[in-house]
Amino acid sequence: MSSGVEITRPEGAIPLAQKYSGLSEEEVKKRIIAYNPPADSRFPNQNQTKNCFQNYVDFQRCVRLRGEDYKPCQFFERNYKFLCPTGWIEKWDEQLENNTFPVKL
Amino acid sequence: MSSWGQLGFQDAGSYFMEEFIYFHDFTMMIILGVLSYVVVFLILGLTSGWVDSGFVEGQLIEFMWTIFPALILIQIAFPSLLLLYLIEDFSKSFLVCKVIGHQWYWSYEIKTESSELLASVDCYMLPREDAFGMRLLLTDEFLMLPINVPVRILVTSDDVIHSWTLPSLGIKGDAVPGRLNQLNLTLNRKAMFYGQCSEICGANHSFMPIMLMGVYSWEFFAWLDRL
């Protein structure tokens with residue numbers, strides 16, 4: 001699983017998600033939701049606003065420095081997509097397009 | 001949900017709420033013990049009619065009534081602080097669910113691994129005639145979460161401050177615009193849990209309830225597919 005937990009199953013065993021949902025293995029993999037952005041010691045408390053924003057900014061900076069195809073940038077992308085509400089992401093994307101994003105990337 | 005005339009807590013729906021109830025019972029036992037002790041001696045003292053004019057100090061008794069309450073308070077503090085830090089442990093979560101408060105409904109977003117898929121549901125309160133007698137509690141859609149899975153809930157708001165509360169889960173988090181508040185939740189049984197907005201947010205503040213259903217993991221996947 002993407003959260004870092006490795007599960008070993010006996011030969012021929014079907015994962016429960018696949019067995020009970022009736023989806024194929026690829027479909028189940030596409031729907032995996034068991035990802036938790038890892039604990040970040042910079043943001044240990046209840047307020048995770050900066051965690052979400054920092055991952056978004058780090059992704060944008062990573063992509064500008066290394067290009068869109070640089071795989072490690074996907075870590076930040078995944079984190080901000082899981083943490084940030086869609087409305088915030090859309091607003092920031094719009095700000096980036098209009099050159100009004102408040103952070104210098 | 002509460003029953004008519006209910007005085008105590010609702011049955012616990014999460015492991016943290018079970019611990020809160022144990023801690024509450026433990027502290028209540030101490031409180032009642034101390035209260036009985038104090039009331040008995042107060043009544044005895046007021047009704048005895050005896051006065052000791054030479055009694056101006058008593059080193060031993062003053063020492064005792066300082067030390068014993070301090071020890072009792074330390075006994076209460078240990079489980080209290082333990083619980084306080086336990087509920088803030090977010091490293092074990094498997095699932096992230098975003099809760100967004102609006103005027104006057106809640107919406108939930110669950111992200112899937114694949115970037116294109118995002119499950120989102122808006123939950124409006126059902127009117128009185130459709131609520132099967134459970135007025136102010138039922139919504140047209142509800143959030144489903146898998147049981148026995150630690151879930152990281154991130155609460156925010158789109159407009160004014162709301163508060164996402166589920167008393168039977170021992171969970172409450174303010175939905176503040178521009179802020180993401182993190183809550184930890186692990187459901188312990190399959191059931192329907194109810195809550196209501198807990199921060200005044202306008203005309204329909206009383207009419208934006210929360211409904212959460214605990215289900216098995218595969219039922220949760222099936223629900224996500226239907227969204």
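Naming: A, B, ... by sequence-line order, numbering from 1 per chain. This is a predicted model, so every value here is computed, not measured.
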### Task
Below 4.5 Å from any heavy atom of chain A, which atoms of Arg179(B) appear? Answer side chain, backbone, both or neither.
both
### Task
Would you mind checking which part of Asn51(A) comes under 4.5 Å of any heavy atom in chain B, side chain (CB onward), backbone (N, CA, C, O), both or neither?
side chain
### Task
Mark yes or no for whether Ser3(B), through its side chain, and Gln6(B), through its backbone, hold a donor-acceptor pair below 3.5 Å.
no
### Query
Counting distance only, does the side-chain N/O of Asp140(B) pair as donor-acceptor with the main-chain N or O of Tyr124(B) below 3.5 Å?
yes
#### Entry: Which portion of Thr156(B) sits near chain A, non-hydrogen atoms under 4.5 angstrom
side chain
### Query
What is the minimum heavy-atom distance between His205(B) and Cys197(B), and which atoms define it?
CE1-O, 3.1 Å
### Query
Going by heavy atoms in the side chains, are Ile110(B) and Cys97(B) under 4.5 Å from each other?
yes
